Asker: 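Mind looking over this structure? Questions follow.
Atoms within each ligand, like the ligands themselves, are counted from 1 in listed order. Small disclaimer: the values here were computed from a predicted structure and weren't measured.
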Amino acid sequence: MSFEISVKRISQSRLPDVDFNNLPFGRTFSDHMFVADYYDGKWQDYRIVPFEHFPIHPAAMALHYGQAIFEGMKASKSLDGKPLFFRPEQHGIRINRSAHRMCMPSFPEDVFEEALHQLVAIDANWIPTDPGSALYLRPYMFANDEFIGVKPSNTYKFIIFTGPVGPYYPKPVRLLAETKYIRAADGGTGEAKAAGNYGGSLLPAKLAQEKGFDQVMWLDANEFKYIQEAGTMNLFFVIDGTVVTPDLSGTILPGITRDSFIKVLKGKGIPVEERPISTDEILQAFKNGTLEESFGAGTAAVVAHVSEIQIGDTLVTLPPVEGRKIGPMLKATIEGLRDGTGTDEFGWVIPVRELSTATI
Ligand SMILES: *Cc1c(COP(=O)(O)O)cnc(C)c1O
């Protein structure tokens with residue numbers, strides 16, 4: 001390795017204070033975090049330090065001009081207690097694609113990988129072991145110049161913190177096809193995991209919730225005709241035995257769960273198509289009885305079944321979850337890899353390396 005990650009350990013772990021039987025998503029943070037700084041044209045000062053607040057300058061550029069990106073991923077434990085990652089390198093690649101779109105420096109993929117291994121190995125006791133639970137990992141990068149004026153920052157921070165999350169069994173979701181607001185337009189930032197995309201989604205989501213829906217189903221910005229995705233999930237439909245999902249046209253976040261599902265389906269010989277899907281096609285399939293399933297795909301829930309979709313005046317009602325085959329099979333396949341019981345045909349499961357004696 002041509003780089004060093006220094007380690008400063010916490011003096012007393014906060015672990016005894018954590019109730020692992022009651023882990024609300026996103027509110028519990030592990031003992032350590034990884035931090036790096038970009039200045040003088042390069043990433044440096046790689047360090048693992050106690051999880052703690054850090055000072056931020058009031059003019060820090062990310063707060064004003066939105067150069068901020070993130071990732072969301074998980075580490076889990078196999079049933080025999082070994083910490084595992086799921087396709088970690090894909091997150092390193094994706095955060096650099098997001099960085100490119102937001103005019104931010106790329107982060108070295110080898111450092112990203114090593115930081116994940118060391119951080120999760122140090123906080124391995126924070127990985128919950130209940131089925132379906134995991135250690136959620138949040139890598140992110142933001143512009144840190146103390147400057148007023150729109151330009152790319154010269155300094156950035158890259159951080160990874162982690163926190164245990166319990167099993168996540170969302171009840172089936174009700175979606176509203178959104179015909180006023182958009183999430184992403186051609187040429188915009190929809191395919192980057194950029195913080196601002198989420199800020200802009202909150203008002204439409206709140207209005208949809210006031211009407212009794214869980215999330216909006218985003219449509220294309222030109223015609224409000226083609227389906228994009230929902231919330232922080234990619235969408236899948238099963239129509240007459242064929243699995244269909246919107247193609248990555250530039251407005252859709254390229255989900256790693258989405259990609260994994262497509263590969264699993266192809267491996268099993270189940271027909272799967274990536275292509276534009278119009279709301280008319282969904283209405284038609286609903287009317288002629290061939291709309292079999294719909295589900296969202298993302299790291300947090302893996303699969304979130306869709307129960308209803310409001311499209312214009314029509315409430316599209318999907319068959320009950322109990323009779324579904326594809327969504328439950330995909331969820332079980334991914335969770336089987338996360339708990340080490342499944343066969344890892346694609347080489348997606350990466351064991352967390354044990355700490356070298358130097359860092360213990
Ligand atoms: C993160 C995210 C997804 C899901 O991506 P995964 O890699 O599967 O977790 C889908 N859509 C949006 C908008 C997202 O931010």
Side-chain angles (χ1 to χ4, degrees), residues 25-26 66 68-76 85-99 101-102 112 116 132 134-141 160 162 165 168 170 173 175 178 181-185 188-202 204-205 208 214-221 226-237 243 245-265 272 274 277 294-306 327 330-331 333-335 337-338 346 348 350:
F25 193 96
I69 56 176
F70 67 97
E71 274 301 315
M73 53 193 294
K74 281 176 175 174
S76 54
F85 293 116
F86 183 75
R87 307 189 74 185
E89 74 296 341
Q90 293 300 317
H91 293 273
I93 293 169
R94 187 169 69 186
I95 201 165
N96 282 337
R97 292 214 180 107
S98 299
R101 178 62 184 85
M102 301 307 286
F112 180 74
L116 286 175
L135 189 70
Y136 187 82
L137 318 179
R138 170 49 59 91
Y140 64 111
M141 189 201 298
I160 309 173
T162 76
V165 294
Y168 189 46
V173 292
L175 302 178
E178 174 62 56
Y181 298 100
I182 59 156
R183 190 190 92 90
T189 58
E191 66 184 342
K193 230 170 157 68
N197 290 345
Y198 304 85
S201 74
L202 297 175
D214 297 299
Q215 285 177 19
V216 302
M217 180 170 83
W218 300 107
L219 303 178
D220 79 274
Y226 294 100
I227 294 168
Q228 292 182 338
E229 53 184 314
T232 56
M233 301 183 303
N234 295 112
L235 277 178
F236 285 75
F237 301 88
V243 184
T245 190
D247 55 318
L248 298 177
S249 58
T251 54
I252 292 173
L253 199 286
I256 292 158
T257 316
R258 174 190 179 280
D259 180 74
S260 306
F261 285 2
I262 292 169
K263 292 191 164 83
V264 168
L265 290 163
V272 50
E274 296 175 72
I277 304 164
S294 173
F295 50 89
T299 294
V302 186
V303 167
H305 296 288
V306 176
L330 289 168
K331 185 171 168 84
T333 304
I334 303 301
E335 290 191 340
L337 293 173
R338 287 228 171 90
F346 299 97
W348 288 342
I350 307 294

Asker: Using a 4.0 angstrom limit on heavy atoms, which residues are close to ligand 1?
Answerer: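 Near ligand 1, by chain and number: R94, R183, K193, Y198, E229, G231, T232, M233, N234, L253, G255, I256, T257, G298, T299.
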
Asker: W348 vs F86 aromatic rings, parallel, tilted or perpendicular, using cut-offs 30° and 60°?
Answerer: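 Ring orientation, 0 to 90° scale: perpendicular.
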
Asker: Please name all residues satisfying side-chain contact (heavy atoms from CB on, under 4.5 Å) with S76, sequence neighbours left out, ordered by chain then number.
Answerer: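 Here the qualifying residues are L84, R338.
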
Asker: Considering only NZ, NE, NH1 and NH2 on the basic side and carboxylate oxygens on the acidic side, decide whether R101 and E191 come within less than 4.0 Å.
Answerer: no

Asker: Without swapping roles, check the side chain of R183 against the backbone of G190 for a donor-acceptor pair under 3.5 Å.
Answerer: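 Yes: the side chain of R183 pairs with the backbone of G190.
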
Asker: Who passes side-chain contact (heavy atoms from CB on, under 4.5 Å) against I182, sequence neighbours left out?
Answerer: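 Partners of I182 under the side-chain contact (heavy atoms from CB on, under 4.5 Å) test: A185, A221, F224.
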
Asker: With F25, which residues qualify under side-chain contact (heavy atoms from CB on, under 4.5 Å), at least two apart?
Answerer: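 F25: side-chain contact (heavy atoms from CB on, under 4.5 Å) contacts with Y136, V165, A300.
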
